[in-house]
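A quick note: this is a predicted structure, and the numbers were derived from the prediction, not measured.
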Amino acid sequence: MSSSVYYRFDHDDEADRPEKPRRYGVTEMRGPHYTLLSHNFLQDIFESMGQFVDGLKFSGGSHSLMPKSFLKQVIETAHQYHIYVSTGDWAEHLLRKGPSAFVQYVQECKNVGFDTIEFNVGSLGVPEDTLLRYVRLIKSGGLRAKPQFSLKVKKSDIPIGGSRAFGSYVPPPPQSSEVVEDVDFLIRRAERCLEAGADMIMIEADDVCQDADSLRADIIAKIIGRLGIEKTMFEASNSRTSEWFIQRYGPKVNLFVDHSQVIGLECLRGCKLGTFGSSHHLF
């Protein structure tokens with residue numbers, strides 16, 4: 001791989017994160033899933049933005065539909081740019097084949113070249129002892145373990161502005177019947193996973209993080225406060241959500257984003273640009 005020179009905007013050296021491999025300030029990029037990304041397209045991304053991409057994840061089990069030869073080619077290319085590659089949440093689909101299928105899956109992932117196995121704790125639906133055993137199996141296989149926890153809250157719990165109109169009482173929104181996730185219970189299970197050797201906890205929180213206008217800052221603060229900013233990663237569905245996380249927690253927060261958001265996120269991490277579309281200038 002030929003060396004590349006990247007121009008970095010002016011930033012606060014104390015706030016910036018170290019060079020790769022990073023323990024914090026990690027940017028994980030979504031791989032082929034919603035968009036078909038060819039090897040050449042990924043190569044272009046790595047050449048132009050490789051310094052700013054820490055990880056590549058094959059979301060939604062997309063890797064299970066691809067030839068092993070293609071996977072190995074993509075993974076080898078990513079490794080040339082010091083980018084780790086994660087499976088995404090797919091392991092739960094193996095449970096119907098029996099416990100031994102998970103062991104085989106770990107070995108196959110290692111043989112192909114994956115660095116990290118991510119698995120959805122909610123979809124697995126196994127007892128905690130079994131969950132922790134899966135973490136240990138991944139680690140004993142020489143791979144990084146990243147349990148994914150899904151967090152849901154009632155929509156009616158999200159504060160809505162304008163509860164009064166010209167002094168008149170406005171009826172509150174109807175109560176939602178959605179399942180409420182016990183945040184403390186989630187954190188306790190995540191802590192047990194970290195104690196068992198998990199490298200990072202992925203938080204998929206569509207109801208919490210999807211829309212910047214409805215972010216539950218209290219829940220996110222509680223998770224980071226208990227688990228630590230280095231051990232948590234949040235999915236940022238759009239640029240406004242990424243901006244919210246950087247403004248609240250600085251460049252050290254770990255985020256999972258679409259490939260189209262990588263440059264915008266890196267500008268936020270290094271330049272403190274404030275809001276998108278503001279009057280700040282880069283030069």
Side-chain angles (χ1 to χ4, degrees), residues 22 24-35 37 45 49 52-63 83-92 116-124 144-153 155 158 178-179 181 183 186-187 189-190 193-194 198-224 226-266 268-269 276:
R22 288 182 270 262
Y24 53 83
V26 173
T27 295
E28 187 171 283
M29 185 188 85
R30 179 184 290 111
H33 181 42
Y34 299 107
T35 304
L37 301 182
I45 292 177
M49 302 185 293
F52 313 132
V53 178
D54 297 272
L56 170 69
K57 180 165 75 172
F58 286 82
S59 300
S62 56
H63 64 285
I83 296 171
Y84 69 82
V85 186
S86 174
T87 61
D89 53 340
W90 178 249
E92 58 271 19
T116 302
I117 291 182
E118 182 177 305
F119 55 95
N120 192 313
V121 173
S123 297
L124 281 173
R144 293 167 57 88
K146 192 162 92 172
Q148 180 193 93
F149 288 83
S150 298
L151 181 62
K152 292 183 178 295
V153 296
K155 293 185 184 300
I158 299 175
E178 291 187 33
V179 176
E181 182 76 42
V183 179
L186 180 154
I187 292 174
R189 297 191 78 189
C193 287
L194 291 173
D199 298 273
M200 188 174 289
I201 302 298
M202 178 69 184
I203 303 295
E204 180 191 29
D206 285 343
D207 293 332
V208 180
C209 304
Q210 191 170 36
D211 188 353
D213 293 330
S214 62
L215 280 162
R216 285 296 302 273
D218 55 334
I219 293 177
I220 295 169
K222 194 170 189 178
I223 292 173
I224 291 179
R226 291 271 295 275
L227 301 180
I229 197 167
E230 293 183 9
K231 294 295 185 179
T232 52
M233 176 176 286
F234 294 88
E235 179 174 3
S237 302
N238 52 61
S239 57
R240 292 189 63 198
T241 304
S242 298
E243 180 185 359
W244 184 92
F245 272 103
I246 299 301
Q247 287 181 338
R248 285 291 184 116
Y249 295 101
K252 295 182 179 181
V253 65
N254 305 314
L255 295 175
F256 170 57
V257 299
D258 187 74
H259 71 277
S260 62
Q261 300 179 40
V262 169
I263 287 297
L265 174 57
E266 187 63 25
L268 285 172
R269 289 192 193 276
F276 288 104

Flag side-chain contact, heavy atom, 4.5 Å: K252 against E230: no
Salt bridge (charged side-chain N to carboxylate O under 4.0 Å, His left out) between E28 and K146, worked out: CA-CA 12 Å; E28 187 171 283; K146 192 162 92 172; 2.7 Å; yes
All side-chain hydrogen bond (donor to acceptor under 3.5 Å, both in side chains) counterparts of R248, not counting sequence neighbours: none
Results of side-chain hydrogen bond (donor to acceptor under 3.5 Å, both in side chains) for Y249 - residues two or more places apart only: none
F119 side chain near P147 side chain, heavy-atom distance below 4.5 Å: yes
CG on L255 to OG on S237, rounded to 0.5 Å: 11.0 Å
Minimum-distance pair of heavy atoms, taken over all atoms of L268 and S242: CD1-C, 4.2 Å
R30 side, atom CZ; K57 side, atom NZ - distance, nearest 0.5 Å: 7.5 Å
4.5 Å side-chain heavy-atom contact, I203 and I220: no
Distance-minimising heavy-atom pair for S150 and L186: O-CD1, 3.9 Å
Closest contact, heavy atoms only, L56 versus G31: CD1-CA, 3.6 Å
Heavy-atom closest pair, residues A217 and W244: CB-CZ2, 3.6 Å
Partner set under side-chain hydrogen bond (donor to acceptor under 3.5 Å, both in side chains) for Q148, not counting sequence neighbours: E118, N120
Nearest-0.5 Å distance that lies between atom CZ in F234 and atom CD in E204: 12.5 Å
Interatomic distance, L227 atom CG to L194 atom CG [nearest 0.5 angstrom]: 6.0 Å
Shortest non-hydrogen separation from I223 to I187 and the atoms involved: CA-CD1, 4.0 Å
Student check: side-chain heavy atoms of I45 and M29 closer than 4.5 Å: yes
T27 side, atom OG1; H259 side, atom NE2 - distance, nearest 0.5 Å: 14.5 Å
Validation row: Y24, N254 side chains within 4.5 angstrom (heavy atoms): yes
Nearest non-hydrogen partners of V253 and R269, listed with the distance: O-NH1, 2.8 Å
Nearest-0.5 Å distance, CZ of residue F256 to CD of residue Q261: 9.5 Å
Residues that D199 engages under salt bridge (charged side-chain N to carboxylate O under 4.0 Å, His left out), provided they are two or more places apart: K139, R144
Side chains of L265 and I246 in contact at under 4.5 Å (non-hydrogen atoms): yes
